[in-house]
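Okay, handing you the structure first.
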Amino acid sequence: MLRRFYEYLVLYAPQTEVLERKAFPRSRAIPPPRNLSEAELTSLIDACTFISPGNPLRGRTMATLIGLLASTGLRSGEVVSLDRGDVDLTNGVVLVRKTKFRKDRLIPVHPATQATLRRYARERDTVFPRPKGEAFFLSSRGSRLSATGLQSNFAKVRKLAGLDNGKPLRPHDLRHRFAATRLMLWHQQRADYSATIRMRAARQSR
């Protein structure tokens with residue numbers, strides 16, 4: 001706004017200096033994350049059942065996806081990009097391909113999450129026995145769930161769960177919740193944070 005004002009002012013006062021574009025870089029401030037309690041996360045997942053009573057798979061997709069985000073710390077873009085071959089339902093490992101810094105990484109999942117993914121895959125394949133592609137998470141049309149579709153459905157679930165009040169809740173906040181929960185656990189275990197993080201990073205990059 002200041003730069004535009006200076007550009008306007010220079011028309012009437014030629015001695016006015018035009019602001020350098022690097023003087024006031026565009027703000028990239030990101031709103032602080034909203035930390036969900038265990039009860040709020042449960043309410044969020046439970047609310048998925050009600051977003052589309054006529055299409056139960058949509059609710060199951062969102063419930064499974066939200067659970068995966070919360071239990072692994074994956075980014076929402078990484079989750080919607082998962083293909084069927086990336087999710088090892090037998091060994092409970094998720095392969096994330098070419099994400100930040102163009103690296104692949106392996107994410108182990110909890111046995112409960114593994115069972116939920118397996119159950120979702122069965123229901124998904126029953127509804128869409130002939131998939132349109134290799135996507136793991138499907139939209140109501142049988143194609144890959146898009147980032148826009150995820151955001152839209154997440155907003156509906158958030159409202160149904162009564163989490164629209166106060167600080168806005170975003171899918172990415174589940175990643176922050178995972179990180180905070182993990183750090184608290186390591187603190188309780190008196191773990192060496194730096195060594196543990198290095199070890200996990202080395203395992204995931206293999």
Give me the atom names and distance for the closest heavy-atom approach of L44 to V157.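 That closest heavy-atom pairing would be O-CG1, 3.1 Å.
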Can you give me the closest heavy-atom contact between L145 and V80, atom names plus distance?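 That would be O-CB, 3.4 Å.
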Hey, does the Lys NZ or Arg CZ of R141 hover above the aromatic six-ring of F128, less than 6.0 Å from the centre and inside 45° of the axis? no
Sequence neighbours excluded - ring pair (Phe, Tyr, Trp, His ring centres under 6.0 Å) pairs with any residue from residues 154-173: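 Sorted pair list: H172-H176.
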Point-to-point distance, once rounded to the nearest 0.5 Å, from OG1 of T116 to CG of L89: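 Between T116 OG1 and L89 CG, I get 11.0 Å after rounding to 0.5 Å.
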How long is the span from the NE2 atom in H110 to the CD atom in Q114, to the nearest 0.5 Å? 10.5 Å
Starting at CD of E40, measure out to CG of L163 and round the result to the nearest 0.5 Å.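 That separation rounds to 5.5 Å.
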Sequence-distant partners of F137, ring pair (Phe, Tyr, Trp, His ring centres under 6.0 Å), two or more places apart: Y120
So do the side chains of E38 and R177 get within less than 4.5 Å of each other, counting heavy atoms only? yes
K98 backbone acceptor or donor facing D104 side chain under 3.5 Å: yes
Under the salt bridge (charged side-chain N to carboxylate O under 4.0 Å, His left out) rule, what pairs show up with a residue in residues 49-64, not counting sequence neighbours? R60-E123
Test: salt bridge (charged side-chain N to carboxylate O under 4.0 Å, His left out). Region: residues 70-85. Which pairs qualify, not counting sequence neighbours? R75-E78, E78-R105, D83-R144, R84-D125
Of all heavy-atom pairs linking Q151 and P171, the shortest is OE1-CD, 3.8 Å
Measuring from atom CD1 of I51 to atom CG of N153, what distance do you get when rounded to the nearest 0.5 angstrom? 4.5 Å
To the nearest 0.5 Å, how far apart are OG in S71 and CG in L117?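 It is 7.5 Å, given to the nearest 0.5 Å.
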Evaluation steps, side-chain contact (heavy atoms from CB on, under 4.5 Å), between K156 and K159: CA-CA 5 Å; K156 294 176 183 177; K159 185 175 182 180; 5.9 Å; no
I need the minimum non-hydrogen distance between L41 and A70, along with the two atoms involved. CD2-CB, 3.9 Å
The side-chain hydrogen bond (donor to acceptor under 3.5 Å, both in side chains) partners of N91 (sequence neighbours excluded) come to D88
T126: what forms a side chain to side chain contact (heavy atoms under 4.5 Å, CB included) with it, not counting sequence neighbours?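 If we apply the side chain to side chain contact (heavy atoms under 4.5 Å, CB included) test to T126, skipping adjacent residues, there are no hits.
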Just verifying a value: how many Å separate L36 CG and S43 OG, rounded to the nearest 0.5 Å?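 The CG atom of L36 sits 9.5 Å away from the OG atom of S43.
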If you measure from the Lys or Arg side-chain nitrogens to the Asp or Glu carboxylate oxygens, is any gap between D173 and R34 under 4.0 Å?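 A salt bridge is absent here (no side-chain N lies under 4.0 Å from a carboxylate O).
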Quick check: do S140 and L57 have side-chain heavy atoms less than 4.5 Å from each other?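 A side-chain contact under 4.5 Å is absent here.
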Here's a test for you: under side-chain contact (heavy atoms from CB on, under 4.5 Å), which of L174, V94, V79, I107 qualifies with T72?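 Exactly one candidate clears the test, I107.
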Do you know which two heavy atoms are closest between S81 and D86, and how far apart they sit?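 Scanning both residues completely, I find the closest heavy atoms to be O-OD2, 4.3 Å.
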For S76 and L150, which heavy atoms make the closest approach, and how far apart are they?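 Heavy atoms only, the tightest pair is CB-CD2, 3.5 Å.
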Give a yes or no answer on whether the side chain of R124 reaches the backbone of F136 with a donor-acceptor pair at less than 3.5 Å.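 Judged by distance alone, yes, a pair lies under 3.5 Å.
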